[in-house]
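For ligands, and for the atoms within them, numbers begin at 1 and follow the listed sequence.
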Amino acid sequence: MAKIFDSFKIKDLEFKNRVIMAPMCMYSSDITGEVKDFHIHHYVTRAIGGVGGIVIEATAVEERGVISQRDLGIWKDEHIDGLKKLVDSVKKNGTPIGIQIAHAGRKSEFTGEIVAPSAIPFDDKSKTPKELSVNEIKEVVEAFKNGARRAVKAGFDFIEIHGAHGYLINEFLSPLSNKRDDEYGGTLEKRAKFLDEVLKEIKEVIPENMPVVLRVSASDFTEGGNTPEDISKIINLVKNYGIDLINVSAGAVVPAAINLYPGYQVKFAEVVKKETGLPVMAGGLILDRNMVEEILGNERSEFVFLARPLLREPYLVLRWAKEVGREDLIPYQYKRGF
Ligand SMILES: Cc1cc2nc3c(=O)[nH]c(=O)nc-3n(C[C@H](O)[C@H](O)[C@H](O)COP(=O)(O)O)c2cc1C
């Protein structure tokens with residue numbers, strides 16, 4: 001029995017199936033951070049394409065926290081209308097949609113000053129960030145809180161906190177990028193403090209039944225960096241605020257050689273699931289339906305995320321539905337194509 005097409009409920013939110021569209025920067029806005037027509041077409045197409053849920057691309061909670069100059073933004077109230085239009089368009093198809101709220105920290109391409117836990121550049125080609133003072137940390141926490149408040153206003157079904165890929169939250173979590181000797185750095189507990197505060201504040205402004213997803217880099221792929229066990233300990237420290245799902249990715253906090261092979265991150269998701277007891281989303285180089293069925297069937301994760309396969313083939317999930325005899329899931333307009 002194909003498990004891909006089993007629904008899954010988190011709080012009151014029902015995901016139609018177990019394939020989630022992973023967040024992907026589309027570099028299609030501009031310095032305003034506003035939603036453009038492209039975003040609406042792009043996400044609605046994948047919604048029609050039958051994914052179980054969508055996490056939209058990294059959306060910056062501060063202007064100096066953009067990954068690129070063409071990211072979406074949620075740093076001011078003026079962003080709400082455009083995001084709401086996007087959310088409404090996707091929801092017309094009945095697909096749950098979440099937003100990945102993000103701050104790029106030292107990896108930001110913002111033209112002005114950039115910030116991080118410590119004044120260490122990502123690599124020798126990168127700008128040196130300014131070390132955040134304790135007061136400034138509180139301001140960034142506030143920016144995450146305001147981002148979450150705006151996400152609720154825009155109508156998102158759930159919020160994903162970007163704690164992965166070497167961006168600001170991940171920079172605090174990893175001992176490789178966080179060399180602070182105050183209450184925000186040093187031990188694992190202290191490195192988790194920034195995430196702890198972000199979560200606590202976000203939970204203040206979102207409805208009780210709104211699911212919260214946390215994306216983590218479960219391995220730094222570098223000696224002395226975080227391991228899946230370390231990340232699980234961090235999640236266990238903060239999960240009481242209410243985290244409903246962990247999106248398990250890996251790497252990118254420092255430039256490290258990564259041995260890539262199909263499903264190379266799934267084993268990290270398994271560790272996080274076992275150590276935290278929380279549902280997880282696994283993915284990264286998932287190449288075909290059999291891999292998805294293997295991961296779900298063996299209960300290695302509750303969800304699988306797909307990124308690049310959905311750029312190549314927006315109707316991939318419909319093809320899989322056809323392959324397992326679930327023609328009923330194909331929109332009537334497209335039935336003759338399958
Ligand atoms: C074009 C592109 C943009 C991405 N942007 C983001 C992003 O905004 N946030 C994020 O957490 N991951 C981002 N990723 C990583 C993906 O979510 C995913 O983890 C990665 O591509 C591995 O999955 P895949 O093998 O299915 O592509 C991006 C990946 C791609 C290809």
TODO: Under the side chain to side chain contact (heavy atoms under 4.5 Å, CB included) rule, what do Asp157 and Met210 come out as? Steps first, then yes or no, please.
DONE: CA-CA 7 Å; Asp157 294 304; Met210 186 177 202; over 6 Å; no

Open item on the list: Working note: Phe158 + Phe15, criterion ring pair (Phe, Tyr, Trp, His ring centres under 6.0 Å); need CA distance, chi angles, decisive distance, verdict.
Closed with: CA-CA 11 Å; Phe158 63 100; Phe15 292 85; 5.5 Å; yes

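In terms of polar-atom proximity, defined here as any N/O pair under 3.5 Å, Gln100 does make such a contact with ligand 1. For the pair Leu285 and ligand 1, the shortest N or O to N or O distance falls below 3.5 Å. Considering backbone and side-chain N/O atoms, Ala307 comes within less than 3.5 Å of an N/O atom of ligand 1. Among the atoms of Ala22, none of the N or O lies under 3.5 angstrom from an N or O of ligand 1. Residue contacts with ligand 1: Ile286 is placed with no nitrogen or oxygen under 3.5 Å of a nitrogen or oxygen of the ligand (distance criterion only).
Between His103 and Ile67, the closest side-chain pair of non-hydrogen atoms is not below 4.5 Å. In this structure, the side chains of Phe305 and Arg215 come closer than 4.5 Å at one or more pairs of heavy atoms.
When the heavy-atom distances from atom 15 (C) of ligand 1 to Gln265, His162, Arg215 are ranked, the shortest goes to Arg215. Of the listed options Pro23, Ala164, Ser68, Pro23 places a heavy atom closest to atom 14 (N) of ligand 1.
Atoms of ligand 1 found under 4.0 Å from any heavy atom of Ala58, numbered from 1 in the order shown, are 8 (O). Those atoms of ligand 1 that come under 4.0 Å of a heavy atom in Phe305, given as number and element, are 18 (C), 19 (O), 23 (O). Here is the list of ligand 1 atoms found below 4.0 Å of a heavy atom in Pro309: 26 (O). Here is the list of ligand 1 atoms found below 4.0 Å of a heavy atom in His165: 10 (C), 11 (O), 12 (N).
Nearest protein heavy-atom neighbour of atom 27 (O) of ligand 1: Arg308 NE, 2.6 Å. Among all non-hydrogen protein atoms, the one lying nearest atom 29 (C) of ligand 1 is Met24 CG, 3.8 Å. Of the protein's non-hydrogen atoms, Cys25 N, 3.3 Å is the one closest to atom 3 (C) of ligand 1.
Taking a 6.0 Å sphere around CG of Asp181, one finds it holds 12 or fewer heavy atoms contributed by other residues, nucleotides or ligands.
Ring orientation note: the planes of Phe172 and Tyr184 are nearly perpendicular, at an angle over 60° on the 30°/60° scale. Between Trp75 and His79, the two ring planes are perpendicular [angle over 60°; tilted spans 30° to 60°]. Using cut-offs of 30° and 60° on the angle between ring planes, the pair His165 and His162 is perpendicular.
Not a single heavy atom of Gly283 lies less than 4.0 angstrom from ligand 1. Not a single heavy atom of Tyr27 sits closer than 4.0 Å to an atom of ligand 1.
No hydrogens or angles considered: nothing links the side chains of Asn236 and Lys233 as a donor-acceptor pair under 3.5 Å. Judged by distance alone, the side chains of Ser174 and Asp220 do bring a donor and an acceptor atom under 3.5 Å apart.
When non-hydrogen atoms are compared, ligand 1 lies under 4.0 Å from neither the backbone nor the side chain of Ala102.
In terms of modelled atom types and a separation under 3.5 Å, the side chain of Arg150 and the main chain of Ile74 share a donor-acceptor contact.
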